[in-house]
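Beneath this line is the structure, given in structure tokens, with notes to follow.
Indexing begins at 1, ligand by ligand and atom by atom, following the structure's order. Only a predicted model underlies this, so the values are computations on that prediction, with no experimental measurement involved.
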Amino acid sequence: MRLRGTGTYSMMIWGRHLLKHGIQICSSRASCQMSCQMKRYYSFLPDNVKSLRMVANPDISKIRNIGIMAHIDAGKTTTTERMLFYSGFTRTLGDVDDGDTVTDFMVQERERGITIQSATVTFDWKTHRINLIDTPGHVDFTLEVERALRVLDGAVAVFDASAGVEAQTLTVWRQAEKHHIPCICFLNKMDKPTASFSFSIESIRQKLKTNPLLLQIPVGIGRNFTGVIDLVSSQQMIWKAASREDDGRVFETKPLSQVENSDLVVEAEEARAALIEQVADLDDEFADLLLTNFSDNFDAIPSIKLQEAVRRVTLAQKAVPVLCGSSLRNKGVQPLLDAITAYLPAPDERHNDLIRWYKDDLCALAFKVVHDKQRGPLVFLRIYSGTMKPQTAVHNINRNNVERMSRLLVPFADQHVEITSLAAGNIALAVGLKQTVTGDTIVSSKASAAAAARRANRDQAMETKASVILSGVEVPEPVFFCSIEPPTMAKQADLENALDCLQREDPSLKVRVDPDSGQTILCGMGELHIEIIHDRIRREYGIETHLGPLQVAYRETILNHASATETLDRTVGDRRHVVTVTLAVHPVDDSSSGNSCDVMFEEETERQMSAEMKDAVDNGVQSSYFQGPLLGYPVQGVATAIQSVRLEPGTSLAMVSALLSLAQAMKQAGGQILEPVMSLEVTVWEAHLSSVLGDLAQRRGAIKDIQSRNDAMKLVLATVPLAEMMGYSTILRTLSSGNATFSLQLDSYEAMNPQHQKSLIQKVAGLA
Ligand SMILES: Nc1nc2c(ncn2[C@@H]2O[C@H](COP(=O)(O)OP(=O)(O)OP(=O)(O)O)[C@@H](O)[C@H]2O)c(=O)[nH]1
């Protein structure tokens with residue numbers, strides 16, 4: 001193991017200081033190994049204990065829970081690495097390309113230089129506590145972004161300044177908007193010769209349909225990029241050294257009035273005047289102040305007043321502050337940290353109706369589970385109200401059970417610090433919660449949930465249970481699947497255990513057993529997702545598995561209305577179960593029903609049925625929706641009306657659920673296969689554009705647009721059926737001599753044309 005940072009002696013002292021302050025370092029491995037790991041990354045020093053006290057006890061107004069999000073390779077991990085370094089929590093700068101960053105700690109992340117799972121790190125910047133989650137940029141790991149955003153209060157969107165807004169930026173931006181998260185934009189890679197500040201700003205304005213607030217202008221660009229002018233404080237910041245080895249800790253600050261470059265001064269003054277005008281348009285308080293006290297000279301407005309107004313418009317999501325820098329060249333990251341603390345909200349500035357019903361009682365959301373071989377599941381929790389303490393029982397409202405939390409930790413990427421309590425606004429890691437899964441609400445007791453429900457009901461008429469459960473995490477549906485087999489049957493149980501653990505960690509991974517072949521089926525978000533799962537089973541669980549060919553997760557629907565009567569007759573043991581059901585199916589617009597399928601009962605039939613029988617029929621129809629009649633894919637866009645149900649005496653309700661089938665009615669209604677159609681974005685040099693376009697035409701691709709980027713690369717926007725995209729990365733590499741990238745994400749499910757549907761059915765039946 002390569003050791004970085006402090007020596008053993010200072011580690012011992014550091015350990016002693018932690019213990020003295022009621023904080024213990026802990027790890028899944030032996031303690032000596034742990035201290036080696038701590039040495040690798042963290043530089044908490046004895047004289048830094050003051051900030052360590054804040055680990056346990058930061059004031060809520062000083063906490064910032066933020067995420068770093070962007071398209072793949074924009075520089076999220078590199079930026080995070082610089083933040084950790086400048087805040088003093090690491091002693092050396094890690095590098096994605098050397099595979100030694102703090103947040104990309106999984107073997108696969110280090111080998112591939114990409115982020116796969118979101119990593120949480122806690123550090124202090126000046127007087128603030130920052131809990132930061134570095135999220136993956138690759139679309140296959142969208143769930144990681146979704147669950148991080150669910151619990152964050154603010155976000156930094158990182159952009160490659162030569163590319164502007166890229167495909168996945170748009171997706172994560174929409175996710176942040178859905179959760180009403182105020183954002184800051186950071187235009188990274190300003191050192192690239194093709195970087196363009198104005199192009200990126202325009203791209204943000206056009207593509208994200210947002211209002212960028214330019215808080216800085218760059219000093220130089222490309223190789224000449226040396227720093228920024230902060231328009232709020234009217235200060236220039238210059239990082240002198242041009243070499244990559246310079247760590248960027250030291251930079252020169254001078255007031256704009258002392259800057260010699262007169263063109264730059266004029267540019268900055270104009271940009272500041274534009275900023276003041278823009279903010280005044282968005283914030284009445286600021287506009288009043290300007291007109292009342294500074295009408296003669298807007299420029300004389302104190303920086304602090306401008307900063308407060310920028311904060312108000314950012315929190316109100318009327319505009320988005322934009323900063324720039326080059327994380328790799330160690331320029332512009334300290335002002336970004338200042339902006340995070342100045343403009344993004346503290347936890348108590350976020351609006352959450354539900355939380356006030358808990359008053360000072362504990363209410364937390366489980367947003368992630370990771371498996372530790374020694375300690376079992378570790379649950380990441382965002383604490384919204386109350387205080388969390390180890391060695392206490394907590395109530396899981398979703399599962400309606402009580403669990404005992406044995407230990408409480410603060411996460412520092414793959415290292416954890418044990419603490420004795422953690423208050424609202426923080427992110428904690430709990431040991432001992434064996435049943436809790438992503439999306440569960442944790443409270444101190446059933447009685448406290450009931451008390452919150454009573455308060456909620458007093459406030460407004462609401463369903464008691466729903467009103468006190470925090471909304472969970474939306475899990476996207478997988479689009480790919482393949483079979484997975486252990487090397488020998490003896491390893492089947494180990495494989496099942498590994499898949500159980502991995503599924504608990506990653507709800508976007510689905511595992512099922514094929515009812516016909518009995519094979520275990522892995523369903524995932526994309527080729528890379530399944531490849532990583534395969535690799536993790538090998539490395540972390542020591543099982544060499546065999547994956548079947550990757551297949552597309554189609555769906556089924558119907559084209560017409562049809563009704564049918566089916567009699568189901570089954571003898572189990574010495575008991576005969578007979579049920580006759582008349583039902584009708586009809587297609588519904590699944591865009592309005594959110595892809596779900598409905599069950600309705602005709603009035604007269606409903607009146608004659610008991611609640612139990614209705615449930616049994618409903619369950620039977622719902623399970624029929626799991627397997628369509630054409631190829632056994634899940635059904636969507638179908639409504640079923642139950643017209644009559646007749647049960648022979650002695651028929652059990654469980655058998656009604658088990659026997660009920662829509663197959664006959666759906667066949668009569670004309671089955672239709674729906675295929676996932678992806679939106680594709682290919683970035684390619686003009687020289688290779690025609691071969692990429694020609695290839696897409698052969699893949700049933702529909703070109704939507706071809707755009708030019710600032711760095712003279714072309715951006716091809718298209719839709720293409722997922723079935724045509726197997727192994728596309730290899731093909732694209734060949735077509736572009738390795739000079740193109742692409743991003744693929746689910747656009748919609750669309751009806752296959754009759755010819756393709758016929759050949760798919762023949763292929764699945766083994767006839768083609
Ligand atoms: N020129 C230049 N390259 C940079 C800069 N920041 C990061 N890079 C490089 O861009 C590549 C991607 O950087 P990462 O930090 O891994 O980007 P990321 O957004 O975390 O990537 P994913 O998490 O895999 O999506 C690496 O090769 C970095 O060295 C920068 O400021 N300038």
I need the atoms of ligand 1 closer than 4.0 Å to a non-hydrogen atom of [X], numbered in the order shown.
{"X": "I72", "result": "24 (O), 25 (O)"}
{"X": "T77", "result": "15 (O), 18 (P), 20 (O), 23 (O)"}
{"X": "G75", "result": "7 (C), 13 (O), 14 (P), 15 (O), 17 (O), 18 (P), 19 (O)"}

Minimal non-hydrogen separation, V322 against P212, with atom names: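 Looking at all heavy atoms of both residues, the shortest contact is CG2-CB, 3.7 Å.
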Salt-bridge criterion met for R382 and D153 (N-O under 4.0 Å): yes
State plainly whether the residues R536 and E505 are in salt-bridge range, i.e. N to O under 4.0 Å. yes
Determine whether the side chain, the backbone, both or neither of D191 has a heavy atom under 4.0 Å from any heavy atom of ligand 1.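 For D191, the contact with ligand 1 is made by the side chain alone.
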Report the part of N188 (side chain from C-beta onward, or backbone N, CA, C, O) that has a heavy atom under 4.0 Å from ligand 1; answer both or neither where that applies.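 Near ligand 1, N188 shows its side chain, while the N, CA, C and O stay back.
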List for me each residue that meets side-chain contact (heavy atoms from CB on, under 4.5 Å) alongside E527, sequence neighbours excluded, and say none if there are none. F480, L550
Check for a donor-acceptor pair, side chain of T90 on one end and backbone N or O of F85 on the other, with a separation under 3.5 Å.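 Yes: the side chain of T90 pairs with the backbone of F85.
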Would the distance check show the side chain of S234 and the main-chain N or O of L256 forming a donor-acceptor pair, the cut-off being under 3.5 Å?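 Checking the backbone N and O of L256 against the side chain of S234, no donor-acceptor pair under 3.5 Å is found.
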Worked verdict on T79 versus S327 for side-chain hydrogen bond (donor to acceptor under 3.5 Å, both in side chains): CA-CA 5 Å; T79 305; S327 298; 2.8 Å; yes
Quick one: does [X] get an N or O within less than 3.5 Å of an N or O on ligand 1?
{"X": "T79", "value": "no"}
{"X": "K192", "value": "no"}
{"X": "K189", "value": "yes"}
{"X": "A74", "value": "yes"}

Against ligand 1, does A70 come closer than 4.0 Å with any heavy atom?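 No.
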